[in-house]
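One structure is given below, encoded as structure tokens.
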Amino acid sequence: MTNKDNKCKSLTRAQQFCLDVEKLALQYELPFFLVTDGASITRNKNCPAVEHARKDHIEWEKMHSIDSKEDWLCDKKI
């Protein structure tokens, strides 16, 4: 397996993990922000801690030339 294949597999696993966490958070009706190596996800309604974490991550993304508005979930919404 090539490095590119490993990276793709890792990204797919990170995204699936985010989706699994989203389902769990919906079940418990909890806001959250999650960052993995390759994917992040947030669902928030009026939680200052989640909002703060996401704002900090947006700054980190800017410093690393990552588009903070990218939506890898556009075709994977639950």
Review point. Side chain to side chain contact (heavy atoms under 4.5 Å, CB included) between Val35 and Trp60: does it pass, once the steps are laid out?
Key: CA-CA 12 Å; Val35 177; Trp60 181 89; over 6 Å; no
**Study point:** For Gln16, all residues meeting side-chain hydrogen bond (donor to acceptor under 3.5 Å, both in side chains), sequence neighbours excluded
**Key:** Asp20
**Study point:** Salt bridge flag under 4.0 Å for residues Lys55 and Glu59
**Key:** no
Review point. Ion pair present between Lys45 and Glu29, side-chain N to carboxylate O less than 4.0 angstrom?
Key: no
Please report the interatomic distance [atom1]([X]) to [atom2]([Y]), rounded to the nearest 0.5 Å.
X: Ile58; Y: Asp67; atom1: CD1; atom2: CG; answer: 10.5 Å
X: Cys18; Y: Lys23; atom1: SG; atom2: NZ; answer: 12.5 Å
X: Arg54; Y: Cys47; atom1: CZ; atom2: SG; answer: 15.0 Å
X: Thr36; Y: Leu11; atom1: OG1; atom2: CG; answer: 8.0 Å

Check your understanding: Cluster question for you: counting only ILVMFWY and a side-chain heavy-atom cut-off of under 4.5 Å, with indirect links fine, are Phe17 and Ile41 together?
Key -> yes
Review point. Is Leu34 reachable from Leu19 through a run of hydrophobic residues whose side-chain heavy atoms are each under 4.5 Å from the next?
Key: yes
Review point. Any idea which heavy atoms bring Glu51 and Asn44 closest together, and the distance?
Key: N-ND2, 3.5 Å
Check your understanding: Side chains of Thr42 and Val50: closer than 4.5 Å at any heavy-atom pair?
Key -> yes
Exercise for review: Can you sort out the partners of Phe32 under ring pair (Phe, Tyr, Trp, His ring centres under 6.0 Å), two or more places apart, ordered by chain and number?
Suggested key: none
Practice item. Could you please spell out the steps behind the salt bridge (charged side-chain N to carboxylate O under 4.0 Å, His left out) verdict for Lys69 and Glu61? Key: CA-CA 10 Å; Lys69 294 183 179 164; Glu61 288 173 324; over 6 Å; no
